[in-house]
Amino acid sequence: MNNRTDIRPGSTMERVNANLARRYAKERRFRRMGMGAIIISLLFLTLLFSSIISNGYSAFWQTSIQLEIHFKAETLDPDGSRDPGLLSAADYSSLVKGALRGIFPEVKKRKERRKLYALVSSGAAFRLRKMVMSNPDLIGSTARIWLPADDDVDMLVKGYIDRDKPEAERRMKDFQIAWLERLQREGRIEKRFNTTFFTAGDSREPELAGIYGAVMGSVFTLLITLALSFPIGVAAAIYLEEFAPVNRFTDFIEVNINNLAAVPSIVFGLLGLAVFINFFGLPRSVPLVGGLVLTLMTLPTIIITSRAALKSVPPSIREAALGIGASRMQTVFHHVLPQALPGMLTGAIIGMAQALGETAPLLMIGMVAFIVDIPAGMMDPATALPVQIYLWADSPERAFVERTSAAIMVLLTFLMAMNAVAVILRKRFEKRW
Amino acid sequence: MINKRTLLAAALAVAATSATAASRDYISIVGSSTVYPFATVVAETFGKSTRFKTPKIESTGSGGGLKLFCAGVGVEYPDIANASRRIKKSEYEKCRKNGVSEIVEIKIGYDGIVIANARNSGRFDLTRKDLFLALARQVPDPRGGEKLVENPYKSWKDVNPNLPATRIEVLGPPPTSGTRDAFTELAMEGGCKKIGWIKAIKKTDKRAYKSICHTMREDGAYIEAGENDNLIVQKLEANPNALGIFGFSFLDQNNDKVQGALVDGVAPEFEAIAEGKYPVSRPLFFYVKRAHLGKIPGIAEYLAEFSSEKSWGDEGYLTDRGLIPMPSAERRKFATDAKELKSLEM
């Protein structure tokens with residue numbers, strides 16, 4: 001059949017055959033280019049992830065120093081009253097200093113002692129205070145306690161400070177390294193899991209800084225965003241798609257919703273500043289205002305995806321419902337909406353994920369701030385996760401570099417989890433007609 | 001159903017707002033990103049060692065902070081503004097117009113601006129005049145005469161034969177930054193003044209003088225690297241030929257990676273800046289709204305913490321962060337101002 005002799009010269013088949021090789025080559029080229037594009041984007045993605053992970057994984061461990069702390073009754077509770085006010089005001093750093101002097105009795109000079117005390121984080125005293133406050137029976141006893149080391153010590157132990165550099169160019173001097181090596185020989189230095197990172201608010205001491213405050217800020221902000229943008233967005237979509245007459249006015253609204261979806265997010269921040277803070281007089285830096293601003297930002301996304309989900313429900317379902325006597329309202333709420341809901345939820349989750357990663361609008365309403373206390377509600381000052389990353393990236397202390405990457409990893413985990421939920425919802429409930 | 005419940009929740013939230021907006025139990029601070037690293041340390045110590053809540057500190061830049069600060073009196077306005085320069089007469093006037101008539105000015109110390117490059121290349125020995133000639137948009141004609149030309153210099157050797165023959169490439173902050181303001185004022189104008197006939201212009205046409213001395217070149221030799229000083233340090237490490245401009249605290253933290261250039265023969269070191277020998281350094285301030293004292297809990301105690309020797313003293317914890325302390329007489333003066341809440345007169 002395919003014998004070349006069968007083809008008459010000048011026939012269509014001959015022209016087709018002549019082009020065939022070129023057409024195949026063209027297709028191969030296109031496929032290769034497509035593969036190339038995917039490989040390049042994957043390469044960049046791995047580059048991004050590996051740089052973040054290699055920079056950040058070490059932040060999940062924190063160097064700690066083990067000290068014998070003697071909870072001296074005469075420093076903490078001289079009159080034995082166990083009065084919480086007195087216990088809270090006592091000088092706990094002297095306990096740490098005493099323990100360090102016990103290990104290094106030969107350090108006598110004031111200046112050297114200052115350097116010695118600086119090996120342990122200033123947060124150690126607060127940790128001891130917390131221990132005593134929750135368990136006053138500790139007073140009078142001696143215990144071996146792991147306390148967080150200073151960020152410079154942490155950087156040295158983790159190998160971020162080069163010991164081979166000339167002494168003048170290092171933040172850790174030779175005698176400090178000698179002390180640390182002695183502690184290391186005695187087994188008093190250990191890298192322990194950094195729970196502080198997950199349980200504390202922001203701090204200017206890298207070893208005491210955590211993302212819990214920022215996570216809570218993000219949670220409150222997103223709760224408000226979800227509570228407002230999902231019902232409003234879905235209601236708007238249902239009305240526009242199912243009930244609204246098609247005329248110039250609804251066309252105009254539709255075009256504007258699409259335009260709003262493309263507006264840079266900082267503009268919503270400015271709007272929020274003008275409306276919620278300056279006009280309604282809501283306080284700055286609170287999750288309530290953040291949530292309202294992010295609602296404005298995610299609304300168009302939710303409306304557009306919800307309308308697409310409604311559109312994908314086949315008209316036959318509506319016609320069947322109407323045909324057996326359901327009202328329009330019943331048709332929508334009993335038949336169309338259940339079919340469209342998975343798609344709407346997916347859209348909402350993707351909108352939420354976008355809102356979670358947003359910093360620009362929060363800048364204008366004062367959520368880019370140093371906040372130590374963990375927010376307990378929507379009216380407490382708070383930051384959000386991406387803002388915390390931005391603030392740490394701008395801090396001079398070296399130890400914040402790894403913490404920045406670690407916070408990025410946490411943020412990415414949240415984003416991936418949210419996107420995974422969206423994928424699962426779609427897989428589970430989506431119907432194809 | 002969902003709709004009703006969320007509407008209710010929203011209504012409750014708004015109701016809660018109007019109840020809480022009337023009071024605030026934490027100090028609200030805004031202002032300079034240069035003062036931010038110091039103010040936050042004080043705020044954290046204050047929050048941990050007293051019964052008060054930790055103050056909230058926004059990094060808005062000096063100008064943006066003073067604008068918010070001067071907007072009025074009341075819980076919705078900040079109590080304290082940090083600034084990496086002194087308050088301007090126009091800002092002071094605006095404050096008065098909005099009812100913020102009594103402001104306490106506290107100087108907290110000094111900050112040096114360093115011009116640094118990577119450790120693995122040679123150390124620069126610059127004068128302010130070199131910096132002006134290398135970075136200004138218009139410079140005096142190298143062939144002589146009192147005429148300005150577009151900056152023709154390509155390498156440092158063209159500017160000054162004693163400098164290396166590398167291309168001029170300086171990474172620095174954008175115009176919104178206080179560091180940039182201080183750099184143009186202290187380094188650029190400082191070098192500009194050295195040229196006699198330009199200095200003479202100041203008497204006749206102040207505006208023209210300012211535009212000559214303060215305008216940076218835009219042909220790629222000066223690169224705006226954003227507000228993030230850490231990024232500049234990283235870029236310097238990757239590019240040994242580039243110089244970077246940033247605050248002293250970043251040099252202090254990254255001493256193993258970068259080195260500060262000598263300016264007019266003085267190295268950017270702690271003592272030299274403290275003694276006022278290093279020419280590119282500036283004072284840092286914060287401003288307190290007197291009307292808020294007694295209304296917002298903890299302001300007086302925060303001032304006491306900031307102005308104590310253990311924070312801004314010669315061996316205080318702020319010096320560990322790179323703040324250059326004031327001489328002790330000046331510290332005493334401002335500590336008394338903080339205690340007595342002396343109002344600023346302008």
Side-chain angles (χ1 to χ4, degrees), chain A residues 85 88-89 111 114 118 122-123 125-126 129 161-162 165-166 168-171 201-205 208 224 226-228 230-232 234-235 277-278 280-286 288 291 363 366-373 377-381 390-391 393-398 400-401 404, chain B residues 2-3 5-7 9-10 13-14 16-21 24 26 28-30 33 36-37 39-41 43-45 47-49 51 53-60 68 75-76 78 119 227-231 233-234 246-247 249-257 259 315 317 320-322:
Chain A
S88 150
K111 222 168 176 179
R114 254 172 72 90
S122 61
F126 299 114
R129 180 170 76 181
I161 294 179
D162 190 352
K165 288 245 174 172
E169 295 173 14
R170 270 189 261 121
R171 277 186 68 79
D202 196 5
S203 169
R204 285 306 316 288
E205 305 288 340
L208 305 178
I224 291 184
L226 185 68
L228 292 175
F230 188 63
I232 297 177
V234 169
I277 293 179
N278 291 346
F280 284 115
L282 294 178
R284 285 174 71 84
S285 323
V286 297
L288 178 69
L363 192 76
M367 283 183 84
V368 179
F370 176 72
I371 289 156
V372 175
D373 301 328
M378 321 213 164
M379 298 306 294
D380 285 347
Y390 167 79
L391 287 174
D394 209 12
S395 299
E397 287 80 13
R398 185 78 64 82
F400 273 121
V401 175
T404 307
Chain B
I2 298 170
N3 264 327
R5 223 176 291 156
T6 39
L7 277 178
V14 171
T17 311
S18 34
T20 49
R24 172 154 57 78
Y26 54 88
S28 166
I29 303 172
V30 293
S33 55
Y36 176 87
T40 43
V41 176
E44 195 179 340
T45 318
K48 280 186 173 149
S49 56
R51 66 200 157 79
K53 281 197 172 175
T54 311
K56 178 194 87 181
I57 303 182
E58 285 180 51
S59 164
T60 58
L68 285 167
V75 284
E76 64 268 45
R119 276 262 174 212
E227 294 259 17
N228 189 331
D229 290 354
N230 267 331
L231 201 69
V233 172
Q234 279 170 27
F246 44 81
S249 48
F250 284 83
L251 177 70
D252 193 34
Q253 288 279 341
N254 294 291
N255 233 333
D256 53 340
K257 292 180 182 165
Q259 54 188 353
E315 288 191 340
Y317 56 73
D320 294 340
R321 303 293 173 146

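Every chain is numbered from 1, with letters handed out A, B, ... down the list of sequences.
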If one checks every heavy atom of B/Pro78 against chain A at 4.5 Å, the contacting part turns out to be neither

Return yes if some donor-acceptor pair links the side-chain N/O of A/Arg284 with the main-chain N/O of B/Ser28 below 3.5 Å, else return no. no

NZ of B/Lys53 to CG of A/Asp380, rounded to nearest 0.5 Å, is 5.0 Å

The interface call for B/Ile29 against chain A, heavy-atom contacts under 4.5 Å, is neither

**Study point:** Exercise: do A/Arg171 and B/Asn255 side chains pair donor with acceptor under 3.5 Å
**Key:** no

- Query: Is there side-chain contact between A/Leu391 and B/Tyr36, with at least one heavy-atom pair below 4.5 Å?
  - Reply: yes

Taking every heavy atom of B/Glu58 against every heavy atom of A/Gly366, the minimum-distance pair comes out as OE1-CA, 3.1 Å

When the 4.5 angstrom heavy-atom criterion is applied to A/Ser203 and chain B, the contacting part is both

Closest non-hydrogen atoms of B/Ser249 and A/Pro396, given as atom of the first, atom of the second and distance, are O-CB, 4.3 Å

When rounded to the nearest 0.5 Å, the distance separating CZ of A/Phe400 from CD of B/Gln253 is 10.0 Å

Among A/Met367, A/Arg398, A/Arg129, the residue with the most heavy-atom pairs under 4.5 Å to chain B is A/Arg398

Bottom line for B/Phe246: the part with an atom under 4.5 Å from chain A's heavy atoms is neither

So, the part of A/Leu363 with a heavy atom under 4.5 Å from chain B: the answer is neither

Return yes if some donor-acceptor pair links the side-chain N/O of B/Asp229 with the main-chain N/O of A/Asp394 below 3.5 Å, else return no. no

Okay, B/Ser59 and chain A: the region with an atom under 4.5 Å from a heavy atom over there is backbone

Whatever's closer than 4.5 Å to a heavy atom in chain B on A/Ile277 counts as neither

One should read off an interatomic distance between B/Arg24 CZ and A/Met379 CE, to the nearest 0.5 angstrom, of 12.0 Å

Looking only at A/Asp373, A/Val234, A/Ile371, most heavy-atom pairs under 4.5 Å shared with chain B are made by A/Asp373

By side-chain hydrogen bond (donor to acceptor under 3.5 Å, both in side chains), A/Asn278 pairs with (sequence neighbours left out) none

By salt bridge (charged side-chain N to carboxylate O under 4.0 Å, His left out), A/Glu205 pairs with (sequence neighbours left out) B/Arg321

Output for pair (B/Thr40 OG1, A/Arg204 CZ), nearest 0.5 Å, gives 4.0 Å

Cut-off 4.5 Å, heavy atoms of chain A, and the answer for B/Gln259 is neither

